[in-house]
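Take a look at the structure set out below.
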Amino acid sequence: MKKFLTVILLAVMVLALAACAEDKGDAGEKSAGSSKAEVKKIRAGLGLNDLHPQYKGLIKFKEIVEEKTDGQIIVETYHSGQLGDDRTMTEALQLGSQEVTIPSTAPLANFVPEFGIFDFPFLFPTVEVADEVLDGEVGKKILDKLESQNLVGLAYWENGYRDVTNSKQAIATAADFKGLKLRTMENELHLEAFRALGANPTPMAFTELFTALQQKTVDGQENPLATIYLQKYYEVQSHVSNTNHVYSPFVFLMSKSFYDDLTEEQQKIVKEAAIEAGIYERQLNREANETNLADLQTEGITYTEVTPEAREEMKQLVQPTIDKFTKKIGSEIVKEVYDAIEAASKK
Ligand code: KDG
């Protein structure tokens, strides 16, 4: 009987040990699994509001990334400057306290001066040429320069051709800019170009713009039609002209420390998602552009046509600014951009 009890006791101990080992194994696997399966979060912030194609593109990026990573990367989206303006968000990416933002190239030129080339007035003749150049070799070369700033540039998106609005007078020719207090993006080249046209420009973050127009701190501003309409600038502006003075690209930025922490597979997913969502955003933006001028007029804004001759005069007035910044940024890389534009224009 004693023997029998000892055997039973031993059997129970063996079973208990086995169960224990199994538990440990599970727990071990679970913890390995959970570190493998650790969910990474992208906080993505924009200056524009949630009606803009840029935000819709960001939602597309979110959908692609969350689906392709099976929820291992989640994307939280913020619009209307909820996380700050272009400069503060870009700095947050450098510090690693935010993961994604999509600024215009103009404020980004304060971090990597070569982006300033894309803000040369009247540079890109068409959106197709812009796509070809930005998505081509020289565009990539400039994106790669972001690494030294602790940033990764995943793709170019589209802000678009910019037009001037104001609350004072119709702008048909360069002479009409005289004395106009105009908000520009925080970019030296933009400031000098508008001074050359005779305006009185002042740099300001996008997040402050509506209030500045409303309180008449400035008379006018310049942005693509989609922004002018969707941000409801018609409520505080009375004139719009098709100055089309610059094609403004967006750059899809990711914090380098966050990107470097992703697996190779995840890096591929976010990169491809930024490109795919960018194609979608460009398409939405171009569709918006077709209707937004009429929409603005319906809202009571007066449209004034800038003739090709008047635009030619504007081009000549800003040429010394372009020459100055060509030297400042580097003639070689500027030439590469011009060559790429020429090649793309022949296609
Ligand atoms: O989300 C992008 C905006 O923050 C900004 O880049 C818009 O074109 C713009 C401007 O005028 O500041």
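Owing to the predicted nature of the structure, the values given are computational and were not obtained by experimental measurement. Note that ligands are numbered from 1 as they come in the structure, with each ligand's atoms numbered from 1 the same way.
- Of the protein's non-hydrogen atoms, the one nearest atom 5 (C) of ligand 1 is D86 OD2, 3.3 Å.
- Close approach to N159 involves these atoms of ligand 1, each under 4.0 Å from a residue heavy atom: 8 (O), 9 (C).
- Residue contacts with ligand 1: S248 is placed with no nitrogen or oxygen under 3.5 Å of a nitrogen or oxygen of the ligand (distance criterion only).
- Listed by first and then second residue, the side chain to side chain donor-acceptor pair (under 3.5 Å) pairs involving residues 57-66 are K62-E66 (not counting sequence neighbours).
- Note on L191 and L197: separate hydrophobic clusters, where clusters join Ile, Leu, Val, Met, Phe, Trp and Tyr whose side-chain heavy atoms are under 4.5 Å apart, directly or indirectly.
- Ion pairing between a basic and an acidic side chain is recognised when a charged N comes within 4.0 Å of a carboxylate O; R43 and E99 show such pairing.
- Of all heavy-atom pairs between A344 and V129, the closest is CB-CG1, 4.0 Å.
- Residue pairs meeting the salt bridge (Lys or Arg N to Asp or Glu O under 4.0 Å) criterion with at least one member in residues 181-209, sequence neighbours excluded: E192-K324.
- Proximity of N223 to ligand 1, defined as any heavy-atom pair under 4.0 Å, is confined to the side chain (atoms from C-beta onward).
- In the hydrophobic cluster analysis, where Ile, Leu, Val, Met, Phe, Trp and Tyr join through side-chain heavy atoms closer than 4.5 angstrom, L46 is grouped together with M254.
- Close approach of ligand 1 to R183 is summarised as follows: ligand atoms under 4.0 Å from at least one heavy atom of the residue are 10 (C), 11 (O), 12 (O).
- Residue G47 has at least one nitrogen or oxygen atom sitting less than 3.5 Å from a nitrogen or oxygen atom of ligand 1, judged on distance alone.
- Close contacts between ligand 1 and M185 involve ligand atoms 8 (O), 10 (C), 11 (O), 12 (O) [criterion: under 4.0 Å to a heavy atom].
- What sits closest to atom 2 (C) of ligand 1 on the protein, heavy atoms only, is Q54 OE1, 3.5 Å.
- Evaluated for a side-chain hydrogen bond (donor to acceptor under 3.5 Å, both in side chains) with E158, the options Q54, Q283, R286 yield exactly one hit, R286.
- Residue contacts with ligand 1 include R162, since one of its heavy atoms falls under 4.0 Å from the ligand.
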